[in-house]
2 protein chains.
Amino acid sequence: MATIREVSKHAGVSVATVSRVVNGNKWVSEATRLRVLESMEELGYEPNSFARSLATNRSNTIGMVVGDLSGPFFGPMMQRAEQVIRDAGKHLIITSGHSTLEEERDAVQFLLKRRCDALILHLDLMPDEEIIELCDKSPLPIILVNRLIPELADRCVSLDNEAGGYLATRHLLDLGHTRIAHITGPLYKSDARDRLAGYRRALETAGVPYDESLVVESDYLESGGAQALDRLKRREAEFTAVVGGNDLMAIGVINALRQQGVRVPEQCSVVGYDDVVMSAYFVPALTTVRVPVDDFGADAARLALKLCEGASDTAQLRFQPELVERQSTLAKGEVMAENLSLV
Amino acid sequence: MATIREVSKHAGVSVATVSRVVNGNKWVSEATRLRVLESMEELGYEPNSFARSLATNRSNTIGMVVGDLSGPFFGPMMQRAEQVIRDAGKHLIITSGHSTLEEERDAVQFLLKRRCDALILHLDLMPDEEIIELCDKSPLPIILVNRLIPELADRCVSLDNEAGGYLATRHLLDLGHTRIAHITGPLYKSDARDRLAGYRRALETAGVPYDESLVVESDYLESGGAQALDRLKRREAEFTAVVGGNDLMAIGVINALRQQGVRVPEQCSVVGYDDVVMSAYFVPALTTVRVPVDDFGADAARLALKLCEGASDTAQLRFQPELVERQSTLAKGEVMAENLSLV
DNA sequence: TGTTTAACTGTAACCGGTTACAGTTAACTG
DNA sequence: CAGTTAACTGTAACCGGTTACAGTTAAACA
């Protein structure tokens, strides 16, 4: 592979001039530029990215940490982010946090060693303080996705989860339901707490008393949805609708209800959260809260690129959730059988 | 950030010695090693990966091209590959081919410029000859995933699609079906052709004549499944079962059948291909052919790492498909209504 | 005792770019 | 016409590692 010195010799100019041509510096005469380009072509010259990075101290790489490379949630986010970053001529390195704190730290350190130009992080488990310290210490721009840390608000791309919880619950209230169960995600995660807060606000606004026995904390997994339903049953809770903390748990709930002979949505309405691809295919198609993960990806990438350029006038990026009505919810008036009791 | 020279000064040794310690070279006395390690610790030294790459001409990076970062198919593959590669202390750079030939070429060139140590490619559109030429020209190891090119067999991690097509069809034959439609993927793709070949072999083996009018070429998309069904209908084809070229088309077919009032599996059995996550959740849960994409990822990564180390004694990695029986197929004896006719 | 050899360490030349700085024109200004 | 400036080009130092080679020491061997 040809080097810049070979090209410079071939074209009869200095290496500096070749470098200028390669980097589009304007102080090169048209004649020289053409001669150099010709030589480059002829020798099949490709700049060595290692040398370039060493000299400029920029890797032209943006690092990304996601919880899971295979989950339905992150796919669209990565897709759009990669698109944006590649269009800018840079590379995206993705690593997975695998949903353990240790792995999350690892993944971040891994990317830092790699001297990425910026980092886009989706961290589930790392506590706020640790992230704040991380941002303070590292010299490179760091973007947080799907998480709002007040101290770093202008580095966060997030969704208003409180509003999402409100929206889901409000939808059921509007349908006439008043006994509404809520299966939350792990409450050490802020998104789960926020959704719960939205659930409570919706009830309050509608004048429906908050009933602790209708709320179960779970784990965002399908199996967790089924388990949570089991706990509600043991509590002898009565309800005609369920707000799932995410789509997977909602699907778990529906499957478990079905096994118990309860028909959805006729006897019990269920709302999900995330609008994962599968939700549209599931039967009954899931009514859910859409989280614009793809926009997260695109905006996080754009923000990262901007910060790489040295910009600092960043505005907080906060998205509003939307309700997607499908077939898993029904007005209480249309409930066919008597109210559901799992006792 | 401390450099190797600062560390060497601090420890009172030469840069060569520090480098030896960092790289685990054995010709260093224990005392010196400890002194150097202490200095490294004290100064918070981290080797500069650019400089290292420049000097060694290795990037410690493996590049991967997939059709789509967000699809259900590639997720598990990336997940496992990343795991394996990170455990080896290297990085994975993933780029997406976005299902156009132009983008596929782009993605590959992008990674080559980056001077990855090896490439793992899932190419849908690039013709065999171009890939062969690519492998001949580039000095680095290239692994092909989900594709078998005879000339490069020892570089391919693939599935026996012919066997898969056979398996799916055989399953339906075993259930007593004889009028079995097949909706193929685009026949310029070898996997679609192979599955079709398997379909034919199964019929032949069972003594059922091959009927061209039962085969429709489509596009691997859900909408394509519905369209294909439409074409069968217009042909006035009669059948009691369908072999889908992949899960998405199978789901498209089932949804379309349902809209026409045909019940699945009672009136028509449908088999998918891929065993995408969604298939288990779909109602009826899809009977399908499992493609071990996660193993593709892991094995491709391992193979890539091995080739990086200079190994050359590679054996071809060919997986056998498995049938996953779920609820979308039923014995013909149990067909409730009369045979299905869409006329 | 002289010679070989193993164990360890250092010097300096690379790897292939970028870029500060200096130098050379030629046009332009006062 | 001297002085300034814009346009262009080259030299060489630098980025921060790796590693060939040479040098030193001390133990092992003949």
Side-chain angles (χ1 to χ4, degrees), chain A residues 1-40 43-61 89-90 112-117 139-140 308, chain B residues 1-40 43-61 89-90 112-117 139-140 308:
Chain A
M1 180 125 297
T3 72
I4 198 172
R5 293 177 221 270
E6 291 170 336
V7 175
S8 76
K9 197 161 294 174
H10 188 274
V13 298
S14 72
V15 290
T17 300
V18 177
S19 178
R20 288 188 190 102
V21 170
V22 170
N23 294 298
N25 185 305
K26 57 187 165 184
W27 304 123
V28 183
S29 73
E30 199 51 28
T32 322
R33 172 186 313 282
L34 287 176
R35 199 141 36 88
V36 171
L37 286 173
E38 223 166 76
S39 296
M40 280 169 47
L43 299 177
Y45 171 69
E46 286 285 353
N48 181 312
S49 61
F50 305 148
R52 206 203 280 247
S53 287
L54 179 58
T56 58
N57 201 31
R58 314 184 92 244
S59 61
N60 284 313
T61 292
K90 300 189 184 249
L112 284 176
K113 269 193 203 162
R114 235 316 141 76
R115 309 200 184 216
C116 296
D117 296 338
L140 51 89
C308 286
Chain B
M1 180 123 296
T3 72
I4 198 171
R5 293 178 222 270
E6 290 169 336
V7 174
S8 75
K9 198 161 293 173
H10 187 274
V13 298
S14 73
V15 291
T17 301
V18 178
S19 178
R20 287 187 190 105
V21 171
V22 170
N23 294 299
N25 185 305
K26 58 188 165 181
W27 304 123
V28 183
S29 72
E30 199 51 26
T32 323
R33 174 187 310 282
L34 287 176
R35 201 141 36 88
V36 171
L37 285 173
E38 224 166 76
S39 295
M40 280 169 49
L43 300 176
Y45 171 69
E46 287 285 353
N48 182 311
S49 61
F50 305 149
R52 204 200 280 246
S53 288
L54 179 57
T56 59
N57 200 30
R58 314 184 91 241
S59 61
N60 284 312
T61 293
K90 302 191 182 246
L112 284 176
K113 270 193 203 162
R114 235 313 141 76
R115 306 197 186 220
C116 296
D117 296 338
L140 51 88
C308 286

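Each chain gets a letter, A, B and so on, in the order its sequence line appears, and its residues count up from 1.
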Which nucleotide wins on minimum distance to the side chain of [X], given the candidates [options]?
| X | options | result |
| --- | --- | --- |
| A:Thr3 | D:dG16, C:dA20, C:dG16 | C:dG16 |
| A:Val15 | D:dG17, D:dT18, D:dT11 | D:dT11 |
| B:Asn48 | C:dA7, D:dG17, C:dG17 | D:dG17 |
| B:Leu54 | D:dG17, D:dC15, C:dC15 | C:dC15 |
| A:Ile4 | D:dG10, C:dT9, C:dT18 | C:dT18 |

**Complete:** Result for 5'-nearest mapping on DNA chain C, choosing between B:Ala51 and B:Thr17, is B:Thr17
**Prompt:** Can you find a side chain N or O atom of A:Ser19 that sits less than 4.0 Å from OP1 or OP2 on C:dT18?
**Reply:**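 Checking C:dT18 against A:Ser19, a side-chain N or O does come within under 4.0 Å of OP1 or OP2.
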**Item:** Watson-Crick/G-U partner (both atom distances under 3.5 Å) of C:dG30
**Value:**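 Pairing partner: D:dC1.
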**Request:** For DNA chain C, determine which residues of residues 29-36 of chain B have any heavy atom closer than 4.0 angstrom to one of its atoms, and list them numerically.
**Result:**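 Correct list: B:Ser29, B:Thr32.
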**Request:** Round to the nearest Å and state the distance from B:Asn25 atom CG to C:dG10 atom P.
**Result:**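 Taking CG of B:Asn25 and P of C:dG10, I get 13 Å after rounding.
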**Asked** C:dG17 base to A:Arg5 side chain: any donor-acceptor pair below 3.5 Å?
**Response**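 Looking at the base of C:dG17, it does pair with a donor or acceptor on the side chain of A:Arg5 (distance under 3.5 Å).
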**Prompt:** Will you find, in the side chains of A:Arg33 and A:Thr17, an N or O donor that is under 3.5 Å from an N or O acceptor?
**Reply:** no
**Prompt:** Hey, are B:Arg52 and B:Asn57 close enough side-chain-wise for a donor-acceptor pair under 3.5 Å?
**Reply:** no
**Prompt:** Base, sugar-phosphate, or nothing for A:Asn57, non-hydrogen atoms under 4.0 angstrom?
**Reply:** nothing
**Request:** Quick one: closest heavy-atom pair of B:Cys308 and B:Arg58, and the distance?
**Result:** O-NH2, 3.2 Å
